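Just so it is clear, the structure is predicted and the values come from calculations on it, not from any experiment. Just so we're on the same page: letters track the sequence lines, and every chain starts at 1. Reckoned from all heavy atoms, side chains included, excluding hydrogens, waters and symmetry mates.
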Amino acid sequence: MKIQAINGFKDILPENVLLWQHIEKKAREVFQRFGLREIRIPILEKTELFVRSIGEATDVVEKEMYTFPEAGLTMRPEATAGIMRAFIEHGLHVQQPIQRLYAIGPMFRHERPQKGRQRQFHQLDTEIIGSVDPQIDAELISMGQMLLDELGITTSLEINSIGCSQCRPPYRQKLVSFLESRHDDLCEDCKRRTYTNPLRVLDCKKSTCREIAKDAPSLLEEVCDNCKGHFNQVQASLDRMGITYTLNRFMVRGLDYYTQTTFEFLTDDLGAQSAVGAGGRYDGLIEQLGGPALPGIGFAMGMERLALLLEQQNNRPHMDSEMDLFLAALGPQSMDYCETLVHKLRKKGIRAAMDYSGRSLKAQMKQANRFKASFTLIIGDNELLEQTGIIRNMSTQEQQPIGLDTNTDQLSNVLAEIVR
RNA sequence: GUGAGCGUAGCUCAGCUGGUGGUAGCACCGGGUUGUGGCCUCGGAGGUCGUGGGUUCAAGUCCCAUCGCUCACCCCA
């Protein structure tokens with residue numbers, strides 16, 4: 001039996017890594033533009049951390065975590081909890097009143113894989129900690145939008161406010177009562193959701209449930225004045241920046257720690273998955289984890305989803321040459337000569353390669369082409385005797401003789417100049 | 001956890017009502033070009049038809065089981 005990767009865990013092969021590096025590079029660039037600094041945290045944490053932050057009754061905690069029960073450890077299903085743990089553990093708030101952080105890396109959830117969803121997946125995660133200012137919310141959203149824009153990915157932005165610890169519980173109670181009054185008309189899933197996650201009923205795709213949802217009390221109208229004011233200011237900021245969005249009063253969150261502002265970057269191009277990125281405020285989380293009473297807001301973007309969209313929307317970055325110079329050696333002497341030359345070129349930072357199998361020139365040219373080499377230097381034993389090689393520009397097909405030198409240091413300098 | 005679909009070359013796939021595995025495309029190797037890549041052309045190599053059992057004179061094809069993958073539900077980035 002051949003050993004293969006386990007279900008939901010994917011290899012990212014070299015040709016695709018270029019795409020991933022493109023995404024990462026652009027993300028770091030944009031995040032740094034907003035003053036975010038990278039933080040790297042462990043993949044394994046105490047199970048308790050996720051239970052306390054994400055919420056005991058959430059799907060993620062109840063059935064999706066990779067946990068080692070005997071050790072009490074869990075592979076992180078998301079990044080925010082770990083970042084907050086690190087934030088508290090190292091007292092980062094003392095250094096700077098507002099901390100702006102980002103993290104990039106793999107997350108793990110034991111769900112059934114499907115398009116745009118894997119068991120090991122990767123997220124770009126951002127957090128701004130220490131401010132309740134609604135302009136911070138808008139700034140963070142604008143950063144996500146800017147990244148998507150610059151990647152050339154088209155999404156729609158939806159925002160909502162899900163209230164705070166003061167106003168959400170009463171609303172939730174009101175909603176449950178309403179749903180109970182219409183219980184018989186709800187679909188089977190929603191009958192269950194009424195008690196597990198009543199807000200999710202508002203988001204049900206079934207038409208009958210949608211009709212009922214229209215009559216349900218609206219969270220946006222029920223939230224407290226403070227939350228309303230905050231949300232209005234977020235919208236005013238987005239308006240000033242010219243960022244287009246739609247209000248979605250049915251948008252809810254799967255993790256318990258979210259408060260007030262929530263938002264999602266959405267697409268129709270990912271099969272059943274619609275969210276490319278999502279986030280929101282989590283004002284009680286840090287305190288709940290035993291840290292100072294500091295607010296925060298963040299978002300995560302799914303890198304697999306970004307990569308899929310880049311491919312689908314035909315925005316694959318065109319790749320440059322991946323090799324500066326390929327040395328085609330013909331004959332034993334020239335092979336040894338080229339070996340020395342390749343070594344010296346590489347020490348100068350030039351990307352250089354050659355073939356040792358003594359294949360035909362045609363075969364070696366093919367190889368140079370596969371390497372996407374900018375130049376090829378052809379050196380046979382004859383050339384070595386006459387001290388004149390041939391250098392070929394692979395894109396223009398121009399060839400020129402080049403004086404060879406027994407002093408390969410000199411020659412490698414000359415070649416380095418040509419190739420640069 | 002539930003449902004549906006699919007497993008044939010490294011990849012993408014033909015293979016009809018069972019009757020000798022495809023000159024298939026991409027990729028790979030070599031020749032045409034006696035020392036020049038991409039395009040063209042000719043040739044070559046590459047397979048336990050996922051696995052196990054059953055039906056049959058005969059199974060890639062039909063039946064059963066099993067493993068794997070994919071998509072969808074739930075839920076989520």
Trainee: Choose from B:G30, B:G37, B:A77 the nucleotide whose nearest atom is closest to any side-chain atom of A:A363.
Mentor: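 Of all the options, the side chain of A:A363 is nearest to B:G30.
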Trainee: Decide, yes or no, whether a salt bridge links A:R253 with A:E264 under the criterion of side-chain N to carboxylate O below 4.0 Å.
Mentor: yes
Trainee: Please report the distance, rounded to the nearest Å, between CD in A:Q273 and C1' in B:U70.
Mentor: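 In whole Å, B:U70 C1' lies 13 Å from A:Q273 CD.
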Trainee: Can you tell which of B:G37, B:C75, B:C28 lies closest to the side chain of A:R370?
Mentor: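 The answer is B:C28, which lies nearest to the side chain.
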Trainee: Any chance the side chains of A:N382 and A:E386 put a donor and an acceptor closer than 3.5 Å?
Mentor: no
Trainee: Using heavy atoms to find the nearest nucleotide of RNA chain B for A:K362 and A:Q367 separately, return the residue whose nucleotide is more 5′.
Mentor: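 Per heavy-atom nearest nucleotide, the more 5' residue is A:K362.
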Trainee: Between A:L308 (CG) and B:A77 (P), how many Å, whole number?
Mentor: 17 Å
Trainee: If the plane angle is over 60° it's perpendicular, under 30° parallel, otherwise tilted; pick one for A:Y195 and A:H183.
Mentor: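 The arrangement is tilted - the two ring planes meet at 30° to 60°.
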Trainee: Whole angstroms only, please: what is the CD-C1' distance between A:E383 and B:U36?
Mentor: 11 Å
Trainee: Should B:U48 form a Watson-Crick or G-U wobble pair with both distances under 3.5 Å, which nucleotide is its partner?
Mentor: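 No nucleotide pairs with B:U48.
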Trainee: For the P atoms, the ones on B:U20 and on B:A58, what distance do you get once it is rounded to whole angstrom?
Mentor: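 Here B:U20 and B:A58 have their P atoms 15 Å from each other.
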Trainee: Looking only at side-chain N and O atoms, does A:Q114 come under 4.0 Å of OP1 or OP2 in B:A72?
Mentor: yes
Trainee: Is it the case that the side chains of A:D239 and A:Y245 hold a donor-acceptor pair, with the cut-off being a distance below 3.5 Å and no angle test?
Mentor: yes
Trainee: If you look at every strand shown and take non-hydrogen atoms under 4.0 Å, does A:I390 touch a base, only sugar-phosphate, or nothing?
Mentor: base
Trainee: Evaluate the ring planes of A:Y66 and A:F108, with Trp represented by its six-membered ring, and classify them as parallel (under 30°), tilted (30 to 60°) or perpendicular (over 60°).
Mentor: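 Perpendicular: the ring planes of A:Y66 and A:F108 meet at over 60°.
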Trainee: Starting at CZ of A:F299 and ending at C1' of B:A77, how long is that distance when rounded to a whole Å?
Mentor: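 Atom-to-atom, A:F299 to B:A77, this comes out as 11 Å.
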Trainee: Could you tell me whether the phosphate oxygens of B:A27, OP1 or OP2, come under 4.0 Å of any side-chain nitrogen or oxygen in A:K366?
Mentor: no
Trainee: What is the separation between atom CZ on A:F326 and atom P on B:U36, rounded to the nearest whole Å?
Mentor: 15 Å
Trainee: Could you tell me how far B:U56 sits from B:U17 if I compare only their C1' atoms? Round to whole Å.
Mentor: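 Here B:U17 and B:U56 have their C1' atoms 16 Å from each other.
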Trainee: Roughly how far apart, to the nearest Å, are B:C64 and B:G43 at atom P?
Mentor: 44 Å
Trainee: Is there, by distance only and without an angle test, a donor paired with an acceptor across the side chain of A:Q399 and the base of B:U36 below 3.5 Å?
Mentor: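 Under the 3.5 Å cut-off, the side chain and the base do form a donor-acceptor pair.
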Trainee: From the options B:G68, B:A77, B:U70, select the nucleotide whose nearest atom is closest to the side chain of A:Q4.
Mentor: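 From the listed options, B:G68 comes nearest.
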Trainee: How long is the span from the CG atom in A:L147 to the CZ atom in A:F34, to the nearest 0.5 Å?
Mentor: 9.5 Å
Trainee: What contact category does A:E78 fall into here, base, sugar-phosphate, or nothing, at under 4.0 angstrom with non-hydrogen atoms?
Mentor: nothing
Trainee: Out of B:A72, B:C74, B:G31, which nucleotide sits closest to the side chain of A:S360?
Mentor: B:G31
Trainee: Out of B:G35, B:A72, B:A77, which has the shortest distance to the side chain of A:I378?
Mentor: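 Nucleotide nearest to A:I378's side chain: B:G35.
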Trainee: Pick the P atom in B:C16 and in B:U8, then give their distance to the nearest Å.
Mentor: 15 Å
Trainee: Taking a pair as Watson-Crick or G-U wobble with both distances under 3.5 Å, which nucleotide is matched to B:U2?
Mentor: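 Pairing partner: B:A72.
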Trainee: Which part of the nucleic acid, if any, lies within contact of A:A368, taking any heavy atom under 4.0 Å across all strands shown: a base, the sugar-phosphate backbone alone, or nothing?
Mentor: nothing
Trainee: Hey, could you give me the CD/CG distance between A:Q123 and A:L306, rounded to the nearest 0.5 Å?
Mentor: 10.5 Å
Trainee: Say you pick atom P in B:C13 and the same atom in B:U70; how far apart are they, in whole Å?
Mentor: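 One P to the other, the span is 14 Å.
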Trainee: Take atom C1' in B:C71 and the same atom in B:G53, then report the distance between them in whole Å.
Mentor: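 It works out to 29 Å between them.
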Trainee: Could you tell me whether A:R392 contacts a base, only the sugar-phosphate backbone, or nothing, with contacts defined as non-hydrogen atoms closer than 4.0 Å?
Mentor: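 Result for A:R392 = base.
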Trainee: Round to the nearest Å and state the distance from A:N7 atom CG to B:C67 atom C1'.
Mentor: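 Checked: the CG to C1' distance equals 12 Å.
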Trainee: Given that both distances must come in under 3.5 Å, which nucleotide forms a Watson-Crick or G-U wobble pair with B:U17?
Mentor: none
Trainee: Reckon A:R359 has a side-chain N or O less than 4.0 Å from the OP1 or OP2 of B:C29?
Mentor: yes
Trainee: Give the rounded distance in Å between these two atoms: CE of A:M354 and P of B:G37.
Mentor: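 So the CE-P distance, A:M354 to B:G37, works out to 19 Å.
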Trainee: Out of the candidates A:K10, A:E24, A:R305, A:E304, only one should pair with A:H122 under the side chain to side chain donor-acceptor pair (under 3.5 Å) rule; please name it.
Mentor: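 Answer to the side chain to side chain donor-acceptor pair (under 3.5 Å) test with A:H122 among A:K10, A:E24, A:R305, A:E304: A:E304.
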Trainee: With a 4.0 Å cut-off on heavy atoms, is A:G271 in touch with a base, just the backbone sugar-phosphate, or nothing at all?
Mentor: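 Sugar-phosphate: the residue A:G271, judged by heavy atoms under 4.0 Å, touches backbone atoms but no base.
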Trainee: State the pairing partner of B:C39; accept Watson-Crick or G-U wobble contacts with both distances under 3.5 Å, and report none otherwise.
Mentor: none
Trainee: Please pick, from B:C73, B:G35, B:A77, the nucleotide with the shortest atom-to-atom distance to any side-chain atom of A:A300.
Mentor: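 Of all the options, the side chain of A:A300 is nearest to B:A77.
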Trainee: Which is more 5' along RNA chain B, the nucleotide nearest A:G8 or the one nearest A:R112? Just name the residue.
Mentor: A:R112
Trainee: Write down the partner of B:A77 under the Watson-Crick or G-U wobble criteria, each distance required to be under 3.5 Å.
Mentor: none
Trainee: So which nucleotide from B:A72, B:G37, B:U70 ends up closest to the side chain of A:K115?
Mentor: B:A72
Trainee: At under 4.0 Å between heavy atoms, what does A:D125 touch on the DNA or RNA strands: base, sugar-phosphate, or nothing?
Mentor: nothing
Trainee: Find the partner of B:U34: check Watson-Crick (N1-N3 plus N6-O4 or O6-N4) and G-U wobble (N1-O2, O6-N3) distances, both under 3.5 Å, and reply none if neither fits.
Mentor: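 WC or wobble partner does not exist here.
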Trainee: Grab the two heavy atoms, one from A:V223 and one from A:S161, that are nearest each other, plus how far apart they are.
Mentor: CG1-O, 4.5 Å
Trainee: Just how far, in rounded Å, is P of B:U36 from CG of A:L325?
Mentor: 19 Å
Trainee: When you compare B:U41 with B:G50, how far apart are their P atoms, in angstrom units rounded to a whole number?
Mentor: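 It works out to 33 Å between them.
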Trainee: Which one is paired to B:C11, where only Watson-Crick or G-U wobble pairs with both distances under 3.5 angstrom count?
Mentor: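 Pairing partner: B:G25.
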Trainee: Checking all strands, does A:R119 fall into the base, sugar-phosphate, or nothing category for heavy-atom contacts under 4.0 angstrom?
Mentor: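 Nothing, no nucleic acid heavy atom in range.
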Trainee: Expressed as a whole number of Å, how far does the C1' atom of B:C63 sit from that of B:G1?
Mentor: 29 Å
Trainee: What is the nucleic acid contact for A:Q118, judged by heavy atoms within less than 4.0 Å: base, sugar-phosphate only, or nothing?
Mentor: base
